[in-house]
> 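This structure is in C-alpha cells; I'll ask about it shortly.
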Amino acid sequence: MADPENNQSNSVETAINTTEAHFKSAAECLISQPLPSCTIVIFGASGDLTSRKLIPALFNLFINRSLPKTFSIVGCSRSEMTHETFRVNMNSACSGLKCSPGDWDRFAENLFYVPVQYDSNESFTNLATFLTDLDRKKDTRGNRMFYLAIPPTLYPGVSQMIGQAGLAIENQSENGWARIVVEKPFGRNLATALELDRILHSNFKEHQIFRIDHYLAKETVQNILMLRFANAIFEPIWKRNYIDYVGIIAAETLGVEHRAGYYEQAGVLRDMFQNHMKQLLALTAMEPPSIFQADRVRDEKAKVFRSLRPFTKGTVRENLILGQYGAGEVDGKKVPAYRAEPGVAKDSTTPTFGLMRLFVDNWRWHGVPFYLASGKRLKAKDTRIVIQFKEVPHSLFRELLGDSIIANRLNLGIYPEEKISLTFQTKSPGARVCLRSVTMDFNYHQNYSGPQLDAYEKVLLDCILGDHMLFWRQDGVELAWSFLEPVLDECEACGGMEDILQNYPSGSWGPDSAHEWMRLILGEC
Ligand code: BG6
C-alpha cells in the first residue's frame, strides 16, 4: 500500500537531487577556458550604441570575471576627448549597473580614447602606433577586435583604413588574431551587400569577420535548437503531418525614437525581416545538423533560406501586408503618427509594420504557412514563436462536444515572458464530460541562479573566443537578400508603396486587414 509519508520524503529527495544537478550544471555553463588577452577597439565611441550597449556589456562581463585577465578597450571617434573624459562619460553610461566599490576604477584603468578622422590615413597610422605601444605595455599580443559601432555607410571606408594601417594582419607566429565586427544592415540589397563583402574581404578573411544579429544571442532564441534537438519528443512531430502553421512575431510598442535617419531608409522589411525574423525562421525550420558547430549549423540555416518559395510579381500582394503607424495611444500615453516623428518626411511611405506569409518548399514543411509579423507602436511588446498543431484527426467526443476540439499549441516565448508553454486539453473535473484547455509552462530562468549574459555580452564574449555560431555567414546574408529583393522591388517600384501601405493607429495590432492573420499568431487580437 502506498505510504503517503514515504512518498513525501521521496519527493523531497527528488527535489534535492534536482537542485544539486542544477548547481552542477550552472557551474558547467561558465566558460572554463582562459580567455585570450586582447584589445577591443570601438569605432563610434561617442555614439549611442557604445554608451547604451557596448560599454555596459563589457563592464558587466568584467564584474562577472568574464573578461580576459589582461585587456584594453580603446574608444575611437571624431570628437576630441582625453582618456579621462572618455572614462567619465562611460562611467555615467554604466551608472545603473550593480557593482562593488572599486569595480569601476579597476575597469576604467583599461579604458583609453584615441580621436580618429575616419577618412584620414594619418589618424589610422597614429592609432596603429598607439595600439602597438599598448600591446607592449599590457602584453595583449596583438589580439584585436575592431567593433564598428558607426553608421553602415562608414563600414567600407573604415575597414579599408584598418587594413591599410596594417591592423587586419594576424600575428600567425603567436596564434594572434584580428577581428572585425559589423552590425546589420549588411547592405540595403543584394548588390550593396556583395559590395560591402568585397570590401571587407579585401582586408579580412571570412574567419575574421563577425556579422552581428543580436537576436541570435538571446538565450531563449539559442534555446530553440536545444528544445528541438536535445529532446526526442518534439522532432518526430515537427513537420507538416502534425503542424498546421507557424507564427513568428516581434511586436514593439516603441516608435522610431531618434533613429529616423536610418529607419526612413530601412523600414520594417530591411530592419527586422531581412535579419532577426529570418534567423527565427531558420532556427524553427532547419534540419538537425550532424554536430553543433558554427559552420554545420549555418549550413542548415542556408538550406532553409534556399528552400523559401520565391515571391513573384503576382504573389507579393496576396502574401504581404504593410502598414505605417498613425497617432494613437500606447501604454496609456498619446503618441504621434510616424509622419509626425522628428526627422520623418511628412509624406513618408516607409512601412513600420509587416506581416508576411511564406512557405518553406521542402519535404518537412510542404504546405505549412509561416506567418511572420513585426511592427512598431503595436499594442504590446511581444516576441515569440508559435507552433500551432493540427486538430485531432477524428473526434470520438463529437456527440458530446461537437466536431471541433481546440488543437495543441506550443509557444516559445522570447519577450517579455521567456518561457515555453504547451497548451493541451484535459477533462474538467465533474460528472459531465467537458474539456478545458490547460497550459504546461517552463520559465526559462526557473531553478537557475547562475550568472546571465545579455545579448551584447554574449556576442562580445563569443567574438573574443572566435566562435561564429551566433553570427551571420555571408552566404546566408546573400540568400536572405535574394528572397527579399522581389518583395522590395514590387513595393518600392514607382507608386507601389502608396498602393500597399495601410495606416494603423498606434496601440493596435496593425492594419485591420492584418487582424485575421494576427489572430492566428496571437490567439486573440
Ligand atoms: C533592432 C532594430 O535590430 O532590433 C530595431 O533595428 C528594433 O528597430 C530592435 O527595435 C528590436 O530588438 P529587441 O531586442 O528589443 O526585440
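Each ligand, and each atom within it, is numbered from 1 in the order the structure gives. Numbers here simply count residues along the sequence, with the first being 1.
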> Return the closest protein heavy atom for atom 16 (O) of ligand 1 as residue, atom name and distance.
Tyr215 OH, 2.5 Å

> If the test is ring-ring contact (aromatic ring centres under 6.0 Å, His included), which one of Phe389, Phe370, Tyr371 qualifies with Tyr245?
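With Tyr245 as partner, ring-ring contact (aromatic ring centres under 6.0 Å, His included) holds for just one option, Tyr371.
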
> Side-chain donor-acceptor pair under 3.5 Å between Gln279 and Asp213, yes or no?
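Gln279 vs Asp213: no donor-acceptor pair found between side chains.
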
> Atom 10 (O) of ligand 1: which protein heavy atom is closest, and how many Å away?
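Of the protein heavy atoms, Glu252 OE1, 2.6 Å lies nearest.
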
> For atom 14 (O) of ligand 1, grab the closest protein heavy atom and report residue, atom and distance to one decimal in Å.
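Nearest protein contact, heavy atoms only, for atom 14 (O) of ligand 1 is Lys218 NZ, 2.6 Å.
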
> In the protein, what heavy atom is nearest to atom 6 (O) of ligand 1, and what distance, to one decimal place, separates them?
Asp271 OD1, 2.6 Å

> How far is atom 15 (O) of ligand 1 from its nearest protein heavy atom, and which residue and atom name does that atom have?
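Here the nearest protein heavy atom works out to Lys381 NZ, 2.8 Å.
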
> Only heavy atoms of Lys184, strictly under 4.0 Å: list the atoms of ligand 1 that pass.
1 (C), 2 (C), 3 (O), 6 (O)

> Under a 3.5 Å threshold, yes or no: a donor from one side chain and an acceptor from the other, between Tyr456 and Asn60?
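The criterion, which ignores hydrogens and geometry beyond distance, is not satisfied for Asn60 and Tyr456.
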
> Hey, is ligand 1 close enough to Arg259 that some N/O pair sits below 3.5 Å?
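Yes, Arg259 has an N/O under 3.5 Å of an N/O on ligand 1.
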
> Would you call Glu516 and Arg519 a salt bridge, taking side-chain N to carboxylate O under 4.0 Å as the test?
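No, no charged N to carboxylate O under 4.0 Å.
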
> Which ligand 1 atoms does Lys376 reach within 4.0 Å, using its non-hydrogen atoms?
5 (C), 7 (C), 8 (O), 10 (O)

> Checking side-chain polar atoms at under 3.5 Å, does Glu264 have a donor or acceptor matched by the opposite partner on Thr350?
yes

> Once rounded to the nearest 0.5 Å, what's the spacing between atom CG of Leu470 and atom SG of Cys463?
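Interatomic distance, Leu470 CG to Cys463 SG, rounded to 0.5 Å: 11.5 Å.
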
> Which of parallel (below 30°), tilted (30 to 60°) and perpendicular (above 60°) describes Phe62 and Phe59?
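Phe62 vs Phe59 ring planes: parallel.
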
> Considering non-hydrogen atoms of the protein only, which is the closest contact for atom 3 (O) of ligand 1, and what is the distance?
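Going atom by atom, the protein heavy atom closest to atom 3 (O) of ligand 1 ends up being His276 NE2, 2.6 Å.
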
> To check your reading of the model: name the closest protein heavy atom to atom 12 (O) of ligand 1, its residue, and the distance in Å.
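It is His214 NE2, 3.2 Å.
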
